[in-house]
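Notes follow once the structure below has been shown.
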Amino acid sequence: MTERLRVIIVGSGLAGLASARILREHHDVTVYERGGADTATGGQGISLFSNGIKILETMGFDRHRAGAVPCYGYRGFDKAGNQLQDFPIDFKGKYGADTLTMKRSDFRDELLLLATAPSAELGIQGSPAQMIFNTNVIDIDPEKGSIALEDGSVVGADLVIVADGVHSRLRHRIVGSDTYRAKKNGMTCYRVAISAEAVKQALGYLPTWWDPETANGRISALQAGDGSNRMIAMYPIRNYEYMNFSCLFPTRQNNGNVLESWYADGDRREMIETFDDYYEPMRKILSIATEVKVWELQDMDPLPNWNRGRAILIGDAAHAMTPMQGQGANMAMEDADAFRLLRPGTSHADIAAILEQVDGFRRPRATRVLQDTRVQAKDITMEERIANLDYNCGYNGVFETRKETQ
């Protein structure tokens, strides 16, 4: 029988759970999460582009279970609700898979199922990942491949994957410095998910950019167009039952640590006041939002390395970026896919060299996506934004990348 590696994953976010699903077929995976089973899921939306969906489809991802809505392009509107631009895109025809939008919590639920459901139920080999919640990992030893828990115990493994998010507490143990931290970029994003039912009651109808009959699967954006750098981006989630609204504007003041998280509660009044010159239907929609989350957008300068010994950083812990391209979660799926290099029969002695390969394939690509994302935060045209899609969505997984570099 082929020996299975013992893998510890720190963090049960999107990157951690996707990695658990990839690795569980051939290795024994344990995920440690300092929060509960529903930690930091949030009810707002998330975009998975063709590059992420191609990888998810190899995992048995079920778009219907996740309530995903396919996207077929972009539309631009002014703040009075007049359509200015329409860019249809055949994502599947051009890049090999659809682009899907969904509720973040629904997506995480699907990843959790893929990581932990019985193997027979998923039609795969191996054993489900073991989830250990409410357990804080306070330190790691990258060379030994071990973690230290808050209760003083030490747990060893062949491989430690650190996926503990943008404010990683363990990053410095791999990078060798605590100077790499996320920094705010001067933009604030209010995020709300509002139901179609509530909007029908408030307006008596669904706007053209929401109604499935007229929206044509577009991701829409209402630009202020007055130099104030304000924008409301919208896309449908949970089979059009909800719409996700991302309301972006320059940060008015430094709100301190309360906004270090991407799921902090927001001030509805500030959100409404910031967009009080938008057309009335939009103002009404924002006024009925029940759950308002706020995030001061932040990213992190590229790291000098993701790996050390038998440990590696992935997800936001490795490459935190703003949502201006919608690529954060997609990069996490690509990170998870890279662990396919840990093939059945991989020995304990092989791990450091394979993690070096993962770093070599993933870090340069994530760095370029980060740099492109920073440019997108500026006032560039829709054509320029769409031009970056080829690089992002054209990615076909780690084996294809390895083939191209040989």
Side-chain angles (χ1 to χ4, degrees), residues 1-34 55 58-60 108 111-119 122 124-133 135-149 153-165 168-171 173-174 305-318 332-359 361-362 397-399:
M1 183 178 171
T2 304
E3 188 179 342
R4 296 167 68 87
L5 298 175
R6 292 168 303 140
V7 180
I8 286 174
I9 298 174
V10 182
S12 72
L14 307 182
L17 292 177
S19 299
R21 166 60 187 89
I22 292 286
L23 289 163
R24 63 172 282 187
E25 291 190 54
H26 304 298
H27 307 292
D28 295 327
V29 180
T30 305
V31 180
Y32 288 84
E33 168 56 56
R34 64 190 178 101
I55 292 163
T58 69
M59 299 185 201
R108 185 176 178 277
L111 289 179
L112 183 60
L113 183 148
L114 293 173
T116 61
S119 296
L122 298 177
I124 60 174
Q125 56 186 308
S127 304
Q130 183 184 1
M131 306 295 299
I132 301 179
F133 293 107
T135 303
N136 195 11
V137 177
I138 60 169
D139 199 10
I140 61 169
D141 186 324
E143 303 299 338
K144 289 182 180 176
S146 64
I147 62 170
L149 305 180
S153 59
V154 174
V155 184
D158 296 298
L159 165 66
V160 177
I161 297 169
V162 177
D164 61 344
S168 172
R169 302 172 181 198
L170 304 173
R171 183 188 295 124
R173 297 289 279 121
I174 293 176
N305 60 289
W306 289 7
N307 64 306
R308 182 181 298 270
R310 291 190 286 115
I312 191 165
L313 293 161
I314 64 167
D316 283 350
M333 297 307 105
E334 292 184 14
D335 295 344
D337 171 74
F339 293 124
R340 295 185 194 276
L341 294 175
L342 293 159
R343 289 175 176 256
T346 297
S347 74
H348 179 91
D350 296 330
I351 290 170
I354 291 174
L355 295 187
E356 193 70 34
Q357 285 182 42
V358 173
D359 175 89
F361 292 143
R362 293 294 309 134
V398 70
F399 290 130

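Positions are given from 1 along the sequence.
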Check your understanding: I132 and T30: side chain to side chain contact (heavy atoms under 4.5 Å, CB included), yes or no, with the steps?
Key -> CA-CA 7 Å; I132 301 179; T30 305; 3.6 Å; yes
So, do [X] and [Y] sit near enough that their side-chain heavy atoms are less than 4.5 Å apart?
{"X": "V154", "Y": "L149", "answer": "no"}
{"X": "L159", "Y": "I8", "answer": "no"}
{"X": "F339", "Y": "V398", "answer": "no"}
{"X": "V358", "Y": "N307", "answer": "no"}
{"X": "I55", "Y": "E334", "answer": "yes"}
{"X": "V10", "Y": "I161", "answer": "no"}
{"X": "L14", "Y": "M333", "answer": "yes"}
{"X": "V160", "Y": "Y32", "answer": "no"}

How long is the span from the [atom1] atom in [X] to the [atom2] atom in [Y], to the nearest 0.5 Å?
{"X": "L342", "Y": "I354", "atom1": "CG", "atom2": "CD1", "answer": "5.0 Å"}
{"X": "T135", "Y": "E33", "atom1": "OG1", "atom2": "CD", "answer": "9.0 Å"}
{"X": "L122", "Y": "L113", "atom1": "CG", "atom2": "CG", "answer": "6.5 Å"}
{"X": "E356", "Y": "I351", "atom1": "CD", "atom2": "CD1", "answer": "14.0 Å"}
{"X": "R362", "Y": "L341", "atom1": "CZ", "atom2": "CG", "answer": "11.0 Å"}
{"X": "R310", "Y": "H348", "atom1": "CZ", "atom2": "NE2", "answer": "3.5 Å"}

Point to revise | Modelled atom types, side-chain donor and acceptor of S127 and R4, under 3.5 Å | key: no
Practice item. Verify the distance criterion only: is there a donor paired with an acceptor across the side chains of D350 and T346 at less than 3.5 Å? Key: no
Tell me, please, which residues at least two apart from [X] pass side-chain hydrogen bond (donor to acceptor under 3.5 Å, both in side chains).
{"X": "R24", "result": "S119"}
{"X": "T58", "result": "R340"}
{"X": "N305", "result": "none"}
{"X": "Q130", "result": "none"}

For [X], give me all partners under side chain to side chain contact (heavy atoms under 4.5 Å, CB included), at least two apart in sequence or on another chain.
{"X": "D141", "value": "E143, K144, S146"}
{"X": "D139", "value": "A148, R173"}
{"X": "A20", "value": "I9, V29, V31, A115, A129"}
{"X": "L112", "value": "L17, T116, M131"}

Exercise for review: Using the side chain to side chain contact (heavy atoms under 4.5 Å, CB included) rule, take D337 and F399 through it: C-alpha gap first, then chi angles, then the decisive distance, then the call.
Suggested key: CA-CA 9 Å; D337 171 74; F399 290 130; over 6 Å; no
Point to revise | R6: salt bridge (charged side-chain N to carboxylate O under 4.0 Å, His left out) partners, not counting sequence neighbours | key: D158
State, to 0.1 Å, how close [X] and [Y] come at their nearest heavy-atom pair, and which atoms those are.
{"X": "S347", "Y": "L5", "result": "C-CD2, 4.2 Å"}
{"X": "M59", "Y": "A18", "result": "CE-CB, 4.0 Å"}
{"X": "G13", "Y": "R108", "result": "CA-NE, 4.4 Å"}

Exercise for review: Show the numbers, then the answer: is there a side chain to side chain contact (heavy atoms under 4.5 Å, CB included) between I140 and V162?
Suggested key: CA-CA 9 Å; I140 61 169; V162 177; 3.8 Å; yes
Review point. If you look only at pairs with a residue in residues 14-23, which of them pass as a salt bridge (Lys or Arg N to Asp or Glu O under 4.0 Å), with sequence neighbours excluded?
Key: R21-E25
Exercise for review: Show the numbers, then the answer: is there a side chain to side chain contact (heavy atoms under 4.5 Å, CB included) between R34 and D164?
Suggested key: CA-CA 9 Å; R34 64 190 178 101; D164 61 344; over 6 Å; no
Please check if the side chain of [X] supplies one atom and the backbone of [Y] the other of a donor-acceptor pair under 3.5 Å.
{"X": "H27", "Y": "P344", "result": "no"}
{"X": "S19", "Y": "A15", "result": "yes"}
{"X": "R308", "Y": "I174", "result": "yes"}

